[in-house]
Amino acid sequence: MSAEHSIRTLLSASPLAPNEARILLSHVLDKHYQLSRSALLSKDDLVLDPRALSDWKTLESKRLAGEPVAYLIGKKGFHAIELTVAPGVLIPRPETELLVDIALDAIKTIAEPIHVLDLGTGSGAIALAIAHSANHVALTATDQSLEALKIAQQNACNLQLDTRVHFKQGSWYQALEANDLFDVIVSNPPYIAKGDMHLVQGDLRFEPQSALTDDLDGLSCLKAIIFGATAHLKPKGLIAVEHGFDQREAVMAIMAEAGFRDIQNHADLAGHPRVSTARK
Ligand code: GLN
């Protein structure tokens, strides 16, 4: 074993972005030596053994080939929780935390018992983040993908939220009973239009296309969710949906057409119109 395989040398020689190299190497150190991230600095003369070194090389080359960091380490931080993620689910995005915060704000003003619905839950990110931060709320979360629901259920168990978040399989409201009613409905549906160049760039190339695009104009799932909400919201209930930066007018118009009131738009941290909300 040679010093060229020390933590310090591996990091400085890596062609990866420094922050990504640190995340991946720290994953290897945790797995092989149960070392925390601080070892990257405090034990930087540690020389990796052959198995750890081979894991690092594999992760490094997969990342160089474009595979998302979150899939390589199998987890992603979101809002106040950490989720297990795998190629069967969309990687939770920081901008989606806005949807969680809006739901949490709305929940504060509602009398108990409170029931929230998350449509197209994927990894369970939105539903579980809400459940984690509002411990008096019950949630139903749906997805049409059984693969996604398996990961979401695993996340619920890991976070000990499985008694409060109930998962159901089906497309949008089809997973529910006709008379199921909610105080808040949230969704981050596939809203990228067919043929959008983002689908063939970056992390998106590796994510489930069904979680990203409706294969149409990008608005079809948003329409189904907004129109369907009229039958599943309690009076004064809130619908909150994430959408593309250029879909604000279209989504607000769909909400008006569906008969909602108090229609508002919220910008994400980058200043892009990202979430539209309305009340029944
Ligand atoms: N926000 C994601 C992206 O553009 C898209 C997620 C979605 O379609 N719901 O990377």
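Indexing begins at 1, ligand by ligand and atom by atom, following the structure's order.
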May I ask whether G244 has any heavy atom positioned less than 4.0 angstrom from an atom of ligand 1?
no
Using a 4.0 Å cut-off to any heavy atom of E95, which atoms of ligand 1 qualify?
1 (N)
Evaluate the ring planes of F182 and H232, with Trp represented by its six-membered ring, and classify them as parallel (under 30°), tilted (30 to 60°) or perpendicular (over 60°).
tilted
If you compare all heavy atoms of H132 against all heavy atoms of R164, which two are closest, and at what distance to 0.1 Å?
N-NH2, 4.5 Å
Which atoms of ligand 1 are found less than 4.0 Å from any heavy atom of P189?
7 (C), 8 (O), 9 (N)
Taking non-hydrogen atoms only, is L204 closer than 4.0 angstrom to ligand 1 via side chain, backbone, both or neither?
side chain
For atom 4 (O) of ligand 1, the protein heavy atom that lies nearest, with its residue and separation:
I192 CD1, 3.9 Å
4.0 Å heavy-atom contact, H198 with ligand 1
no
Heteroatom distance test (P190, ligand 1): nitrogen or oxygen, under 3.5 angstrom:
no
Among non-hydrogen protein atoms, atom 1 (N) of ligand 1 lies closest to Y191 OH, 2.9 Å
Flag yes if more than 12 heavy atoms outside Q209 fall under 6.0 Å of its CD atom; otherwise flag no.
yes
So if I count the atoms of ligand 1 from 1 in the order they appear, which ones are less than 4.0 Å from some heavy atom of E242?
1 (N)
So which heavy atom on I91 is nearest to which on A70, and how close?
CG2-CB, 3.7 Å
Among protein heavy atoms, which lies nearest atom 10 (O) of ligand 1, and at what distance?
R93 NH2, 2.9 Å
Counting distance only, does the side-chain N/O of T9 pair as donor-acceptor with the main-chain N or O of H5 below 3.5 Å?
no
Linked, directly or transitively: Y33 and L24 (ILVMFWY side chains, under 4.5 Å)
yes
When hydrophobic residues are tied together by side-chain contacts of less than 4.5 Å, even through go-betweens, does L99 share a cluster with L119?
no
Please say whether L212 places an N or O atom under 3.5 Å from an N or O atom belonging to ligand 1.
yes
What atoms of ligand 1 come within less than 4.0 Å of a heavy atom belonging to N188?
7 (C), 9 (N)
Under the 3.5 angstrom rule, does the side chain of S14 hit a backbone N or O of L10 as a donor-acceptor pair?
no
